[in-house]
Peer 1: 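One structure, as structure tokens, below. Some questions next.
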Amino acid sequence: QVLLAESGGGLVQAGGSLRLSCAASERAFSTLNMGWFRQAPGKEREFVAAISASGDNTHYKDPVKGRFTISRDNAKETVYLQMNSLKPEDTAVYYCAAGEPTPYPWYGLSWSMRDMYDYWGHGTQVTVSS
């Protein structure tokens, strides 16, 4: 069982920045593929960004490309989501997710699917005011 704990959410004005963190309880963190998802009120949970276990590969949802950056520090068992140029439409609860390794090459579109992830955090609220 992997426990994930997000932090760093809050209220920010449009154009501002936030950095989300997700700390994992798992010593085998470096083998896990990690992702960030978000869920706005009345909407389904949607993919935001993913990163491979090594950190060599990343994939982003189109609307956040160039504004958000996913990264990880395997020594600290933590994954980050740096969010710049925030917009009101980025308002949502942001969830961290972890997926067990697979025998297949890492493919970004695969890791954009919720079913690929085995563990989820409880989420952190991000609110962007206009």
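As the structure is a computational prediction, the values presented were derived from the model and not from experiment. Positions are given from 1, in the same order as the sequence printed here.
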Peer 1: Who pairs with S7 by side-chain contact (heavy atoms from CB on, under 4.5 Å), at least two apart in sequence or on another chain?
Peer 2: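 Scan of S7 (side-chain contact (heavy atoms from CB on, under 4.5 Å), adjacent residues dropped) gives S21.
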
Peer 1: How many angstroms lie between atom OG1 of T69 and atom CZ of R19, to the nearest 0.5 angstrom?
Peer 2: 11.0 Å

Peer 1: Sort and list the pairs that fulfil ring-ring contact (aromatic ring centres under 6.0 Å, His included) and have at least one residue in residues 40-88, not counting sequence neighbours.
Peer 2: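 Matches after skipping sequence neighbours: F37-F47, F47-H59.
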
Peer 1: Provide the full list of salt bridge (Lys or Arg N to Asp or Glu O under 4.0 Å) pairs with a residue in residues 74-97, sequence neighbours left out, each pair given once.
Peer 2: R38-D90, R67-D90

Peer 1: What pairs with D62 under salt bridge (Lys or Arg N to Asp or Glu O under 4.0 Å), at least two apart in sequence or on another chain?
Peer 2: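 For D62 the salt bridge (Lys or Arg N to Asp or Glu O under 4.0 Å) partners, ignoring immediate neighbours, are K65.
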
Peer 1: Sequence neighbours excluded and cut-off under 3.5 Å, please list the side-chain donor-acceptor pairs for residues 98-111, or say none.
Peer 2:
{"residue": "E100", "atom": "OE2", "partner": "Y119", "partner atom": "OH", "Å": "2.8"}
{"residue": "T102", "atom": "OG1", "partner": "Y104", "partner atom": "N", "Å": "3.4"}
{"residue": "W106", "atom": "NE1", "partner": "N33", "partner atom": "OD1", "Å": "3.1"}

Peer 1: Does E46 reach the side chain of K61, with side-chain heavy atoms less than 4.5 Å apart?
Peer 2: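 E46 reaches K61 side chain to side chain.
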
Peer 1: Under a plain distance cut-off of 3.5 Å, with no hydrogens placed, do S17 and N84 share a side-chain donor-acceptor pair?
Peer 2: yes

Peer 1: If you look at every heavy atom in N74 and A53, which pair is closest and at what distance?
Peer 2: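 Minimum heavy-atom separation between N74 and A53: ND2-O, 3.2 Å.
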
Peer 1: Test: disulfide (SG to SG under 2.5 Å). Region: residues 53-89. Which pairs qualify, not counting sequence neighbours?
Peer 2: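 Qualifying pairs, neighbours excluded: none.
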
Peer 1: Give me each pair satisfying disulfide (SG to SG under 2.5 Å) with a member in residues 74-130, each pair once, sequence neighbours excluded.
Peer 2: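 Listed once each, the pairs are C22-C96.
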
Peer 1: Please check if V48 and Y117 belong to a single hydrophobic cluster, counting links between Ile, Leu, Val, Met, Phe, Trp and Tyr side chain heavy atoms closer than 4.5 Å.
Peer 2: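 Different clusters: V48 never reaches Y117 through Ile, Leu, Val, Met, Phe, Trp or Tyr contacts under 4.5 Å.
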
Peer 1: Just jot down the side chain to side chain donor-acceptor pair (under 3.5 Å) partners of S129, sequence neighbours excluded, or say none.
Peer 2: none

Peer 1: Walk me through it: do V93 and R45 pass the test side-chain contact (heavy atoms from CB on, under 4.5 Å)?
Peer 2: CA-CA 9 Å; V93 177; R45 192 171 300 188; over 6 Å; no

Peer 1: Using 0.5 Å steps for rounding, measure from the CG atom of L32 to the OG atom of S30.
Peer 2: 8.0 Å

Peer 1: Mind checking ring pair (Phe, Tyr, Trp, His ring centres under 6.0 Å) for F29 and listing every partner two or more places apart, or none if nothing turns up?
Peer 2: none

Peer 1: Using the side-chain contact (heavy atoms from CB on, under 4.5 Å) criterion, which residues pair with A5? Sequence neighbours excluded.
Peer 2: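 Result, side-chain contact (heavy atoms from CB on, under 4.5 Å) vs A5: none returned.
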
Peer 1: Show every salt bridge (Lys or Arg N to Asp or Glu O under 4.0 Å) that has at least one partner inside residues 111-125, sequence neighbours left out.
Peer 2: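 Passing the test, one end in residues 111-125: no pairs.
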
Peer 1: With respect to W36, which candidate in V64, L81, I51 satisfies the side-chain contact (heavy atoms from CB on, under 4.5 Å) definition?
Peer 2: L81

Peer 1: Less than 3.5 Å apart, which donor and acceptor atoms pair up between the side chains of residues 120-128 and the rest of the protein, not counting sequence neighbours?
Peer 2:
{"residue": "T124", "atom": "OG1", "partner": "G9", "partner atom": "N", "Å": "3.2"}
{"residue": "Q125", "atom": "NE2", "partner": "A92", "partner atom": "O", "Å": "3.4"}
{"residue": "Q125", "atom": "NE2", "partner": "T127", "partner atom": "OG1", "Å": "3.3"}

Peer 1: Looking at side-chain heavy atoms only, is the closest gap between R72 and T78 below 4.5 Å?
Peer 2: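 No, every pair of side-chain atoms sits at 4.5 Å or beyond.
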
